[in-house]
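Report on the structure given below.
A quick note: this is a predicted structure, and the numbers were derived from the prediction, not measured.
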Amino acid sequence: MLKRYEKFLEELDKELRGYFLKHKKYIKCKKGCTDCCEKGEYPFSRLETEYIMYGFVNLPKETKSEIRKNITELKIAKQKSETGHFQYKCPFLLNKSCVLYEYRGIICRTFGLAYLKSDGTISLPNCTNLGLNYAEVYDKNTGELYIEDPIKQELKIDKLLRSKLAEEYELECGEIRPLIDWF
């Protein structure tokens, strides 16, 4: 299953590179910019979690230890949290860099892109409000996004993992839940 998933990711990444290229004039993402990894819920499917753990086993012992510590601290913080939506820093983000970038989830691969949702509204990345991606073509007052050619494919994890491409690779993705809930 993981080999089929890797092939699926190769095709998905090719498509996503096209979207990033198509919208490059609106994108401010660069190495070291980790806003999208600093606070979120990070929905992951069972399959994605298995894949990221496949990458985890090959990390250096010290790195694995630091990640385990991060996960333990996050689980404690989540138990103490009184909100329904617990947002947190990704436990795989160390020193402003993803230590499992090659194995990252779909949510991570699509971060930064704006796309048209099935209800006709546009999903914007959180960094738009920080003056980054799409900020110069977004009107906060009206909620309007002024781009010539919006991405019309909905880039939500559940849509992508149940897409025709996913069907071609006969993926069995399983349940989707926040990354921290898998540990």
Side-chain angles (χ1 to χ4, degrees), residues 1-6 8-10 12-13 16 20 28-115 117-118 123-130 132-133 153-163 165-166 169 171-183:
M1 177 67 71
L2 291 181
K3 291 297 179 197
R4 289 196 314 263
Y5 181 62
E6 283 179 332
F8 163 81
L9 287 177
E10 285 175 22
L12 178 63
D13 283 345
L16 293 174
F20 276 103
K28 309 294 184 216
C29 299
K30 62 183 183 215
K31 189 173 177 122
C33 178
T34 59
D35 180 69
C36 51
C37 311
E38 298 282 345
K39 188 174 184 183
E41 289 184 293
Y42 317 108
F44 266 63
S45 68
R46 178 192 48 79
L47 179 59
E48 291 174 286
T49 305
E50 287 176 21
Y51 189 62
I52 205 163
M53 296 315 293
Y54 175 72
F56 175 83
V57 298
N58 295 314
L59 291 174
K61 183 179 178 181
E62 302 79 31
T63 303
K64 288 194 271 191
S65 179
E66 196 169 346
I67 291 168
R68 284 186 187 107
K69 179 180 174 250
N70 289 346
I71 291 169
T72 300
E73 289 172 358
L74 287 172
K75 289 171 81 174
I76 291 168
K78 183 175 182 186
Q79 286 176 342
K80 292 179 180 178
S81 173
E82 296 179 9
T83 64
H85 295 284
F86 178 68
Q87 295 197 334
Y88 54 94
K89 177 180 167 184
C90 178
F92 302 112
L93 183 67
L94 304 178
N95 301 316
K96 294 271 190 192
S97 182
C98 178
V99 297
L100 288 169
Y101 187 80
E102 181 181 333
Y103 300 92
R104 70 197 185 284
I106 289 174
I107 185 74
C108 311
R109 293 168 192 271
T110 62
F111 271 145
L113 288 170
Y115 58 87
K117 297 191 299 188
S118 58
S123 176
L124 288 168
N126 290 335
C127 65
T128 302
N129 295 318
L130 300 174
L132 297 171
N133 294 5
Q153 180 179 1
E154 193 160 358
L155 300 177
K156 288 177 63 178
I157 181 177
D158 58 330
K159 300 287 186 186
L160 293 173
L161 288 175
R162 291 174 178 87
S163 66
L165 180 61
Y169 288 98
L171 298 182
E172 296 173 24
C173 303
E175 180 182 1
I176 297 171
R177 53 185 173 177
L179 179 61
I180 195 64
D181 289 351
W182 287 107
F183 302 111

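- Rounding to the nearest 0.5 angstrom, the gap separating the OH atom in Y101 from the SG atom in C108 is 9.5 Å.
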Donor-acceptor pairs are to be reported for all side-chain atoms of residues 50-68 against protein atoms at under 3.5 Å, with residues two or more places apart or in another chain.
{"unit_1": "E50", "atom_1": "OE2", "unit_2": "R46", "atom_2": "NH1", "d": "2.7"}
{"unit_1": "Y51", "atom_1": "OH", "unit_2": "E6", "atom_2": "OE2", "d": "3.2"}
{"unit_1": "K64", "atom_1": "NZ", "unit_2": "V57", "atom_2": "O", "d": "3.1"}

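- Within a 6.0 Å radius of CZ in F183, more than 12 heavy atoms belonging to other residues, nucleotides or ligands are found.
- In terms of the salt bridge (Lys or Arg N to Asp or Glu O under 4.0 Å) criterion, residue partners of K78 (sequence neighbours excluded) are, by chain and number, D181.
- Atom CE of M1 sits about 6.5 Å away from atom CG of L47, to the nearest 0.5 Å.
- By the salt bridge (Lys or Arg N to Asp or Glu O under 4.0 Å) test, K30 pairs with no residue at all, sequence neighbours left out.
- At most 12 non-hydrogen atoms from other residues, nucleotides or ligands lie less than 6.0 angstrom from CD of E172.
- Residues L94 and N70 have side chains in contact (heavy-atom distance under 4.5 Å, counting atoms from C-beta outward).
- Counting only heavy atoms from C-beta outward, the side chains of Y115 and K117 approach each other to under 4.5 Å.
- Heavy atoms only, all atoms of each residue included: G174 and S45 are closest at O-CB, 4.4 Å.
- Across L132 and K28, no two heavy atoms sit closer than the pair C-CG, 3.6 Å.
- Distance check, rounded to the nearest 0.5 Å: CG of D13 to CD1 of I106 gives 9.0 Å.
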Anything under 3.5 Å between a donor and an acceptor, one on a side chain of residues 153-160, the other on a protein residue two or more places apart or in another chain? List them.
{"unit_1": "Q153", "atom_1": "OE1", "unit_2": "Y19", "atom_2": "OH", "d": "2.9"}
{"unit_1": "E154", "atom_1": "OE1", "unit_2": "S118", "atom_2": "N", "d": "2.9"}
{"unit_1": "E154", "atom_1": "OE1", "unit_2": "S118", "atom_2": "OG", "d": "3.2"}

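- Counting all heavy atoms, side chain and backbone alike, G112 lies closest to C29 at CA-SG, 4.4 Å.
- In summary, the aromatic rings of Y88 and F86 are positioned with their centroids under 6.0 Å apart.
- For K69, the salt bridge (Lys or Arg N to Asp or Glu O under 4.0 Å) partners two or more places apart in sequence, or in a different chain, are E73.
- In this structure, F111 CZ and N133 CG are separated by 12.0 Å, a value rounded to the nearest 0.5 Å.
- F92 is listed as a side-chain neighbour of L179, based on a closest heavy-atom distance under 4.5 Å.
- The two residues L171 and R4 make their nearest non-hydrogen contact at CD2-C, 4.1 Å.
- A distance-only check finds a donor-acceptor pair linking the side chain of R109 to the backbone of R104 [under 3.5 Å].
- The list of salt bridge (Lys or Arg N to Asp or Glu O under 4.0 Å) pairs with a residue in residues 31-45, not counting sequence neighbours, reads E38-K96.
- Here the shortest heavy-atom pairing between I107 and P43 reads CG2-O, 3.8 Å.
- If you take CD on Q87 and OH on Y42, they are separated by 8.0 Å, rounding to the nearest 0.5 Å.
- Between the SG atom in C90 and the CZ atom in F44 there is a gap of 6.5 Å [rounded to 0.5 Å].
- Looking at C36 and N126, their side chains never come closer than 4.5 Å, going by heavy atoms from C-beta outward.
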